[in-house]
Amino acid sequence: MIVWLNGTHGAGKTTTAALVRQLLPDSRVLDAEKVGETLMDITPGLPGTDNFQHWPPWRPLVVETARHVLDYTGGTLVMPMTVLVERYWREISAGLARHAIPVRHFVLHADQDTLRGRIEGDAVLGPSSFRLRYLEPYAEAARTWLHREGEVVDTTRLTPGEVAVRIAEAVKS
């Protein structure tokens with residue numbers, strides 16, 4: 001099984017993923033961003049883009065990486081990754097379905113002010129204009145498709161631990 005943690009920057013995906021992994025026996029975290037980083041390391045570089053998700057190889061490579069890891073290890077993969085383009089989500093979820101891999105898709109949500117505050121006050125990564133640029137695309141995706149496609153968990157007033165417990169309990173039930 002895959003527990004996909006979606007939502008924009010500042011929603012708590014990475015922190016929550018590590019905590020969910022501790023609560024779900026036989027689980028591992030696979031960050032699909034690492035697949036994108038591999039593509040970014042190709043020399044000479046792939047065609048220019050502002051987001052590796054726009055490269056057509058990224059989506060099937062995420063599917064195949066997850067499939068091969070699950071075939072090798074079994075268990076559950078917890079995958080923290082923002083996907084705000086509906087077509088990309090459909091491509092990934094259809095690819096996983098073709099391999100009969102069940103997916104629990106959670107959307108970690110917070111209001112815009114909370115997200116902005118978290119990004120601007122991030123003590124690890126620091127303020128990031130890149131991360132801030134995704135606030136409006138997230139809001140648009142949430143309004144048009146994303147909140148219908150996933151189980152929304154409002155993280156605005158919850159600690160990462162509380163979010164992780166909610167997700168782990170939902171997966172176990």
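What you see is a predicted model; the values in this text were computed from it and never measured.
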Point to revise | Test item: Thr114 side-chain N/O and Ala110 main-chain N/O as donor-acceptor pair under 3.5 Å | key: no
Exercise for review: Check for a donor-acceptor pair, side chain of Lys13 on one end and backbone N or O of Gly7 on the other, with a separation under 3.5 Å.
Suggested key: yes
Practice item. Would you kindly say whether Asp154 and Thr156 are connected by a side-chain donor-acceptor distance under 3.5 Å? Key: yes
**Study point:** CH2 on Trp55 to CG on Leu39, rounded to 0.5 Å
**Key:** 6.0 Å
Point to revise | Salt-bridge present (Glu86, Arg143; N to O < 4.0 Å) | key: no
Review point. Are Arg118 and Asp122 within salt-bridge range, i.e. N to O under 4.0 Å?
Key: no
Check your understanding: Got a donor-acceptor contact below 3.5 angstrom from the Thr15 side chain to the Gly12 backbone?
Key -> no
Check your understanding: Going through the checks in order, is the side-chain contact (heavy atoms from CB on, under 4.5 Å) test met by Gln53 and Val83?
Key -> CA-CA 8 Å; Gln53 291 186 17; Val83 179; 4.3 Å; yes
Point to revise | Test item: Arg104 side-chain N/O and Ala170 main-chain N/O as donor-acceptor pair under 3.5 Å | key: yes
Check your understanding: Checking Ser27 side chain against Arg21 main chain: does a donor-acceptor pair fall under 3.5 Å?
Key -> yes
Point to revise | Check against side-chain contact (heavy atoms from CB on, under 4.5 Å), Val171 and Thr76 | key: CA-CA 10 Å; Val171 169; Thr76 299; 5.6 Å; no
Review point. Where the side chain of Thr159 meets the backbone of Glu162, is there a donor-acceptor pair that is under 3.5 Å apart?
Key: yes
Exercise for review: With side-chain contact (heavy atoms from CB on, under 4.5 Å) as the test, would you mind laying out the steps for Leu84 and Tyr134 before giving the verdict?
Suggested key: CA-CA 9 Å; Leu84 301 179; Tyr134 284 90; 4.1 Å; yes
Point to revise | Under-4.0 Å salt bridge between Lys34 and Glu37 | key: yes
Practice item. Determine the interplanar angle of the His109 and His147 rings, folded into 0 to 90°, and report it as parallel if under 30°, tilted if 30 to 60°, perpendicular if over 60°. Key: perpendicular
Point to revise | Asn51 backbone acceptor or donor facing Thr49 side chain under 3.5 Å | key: yes
Point to revise | Check: Glu149 side chain, Leu146 main-chain N or O, donor-acceptor pair, under 3.5 Å | key: no
Check your understanding: Under the side-chain contact (heavy atoms from CB on, under 4.5 Å) criterion, do Val107 and Glu151 qualify, and how do the steps go?
Key -> CA-CA 6 Å; Val107 178; Glu151 301 172 55; over 6 Å; no
Check your understanding: Is there a donor-acceptor contact under 3.5 Å from the side chain of Thr16 to the main chain of Val163?
Key -> no
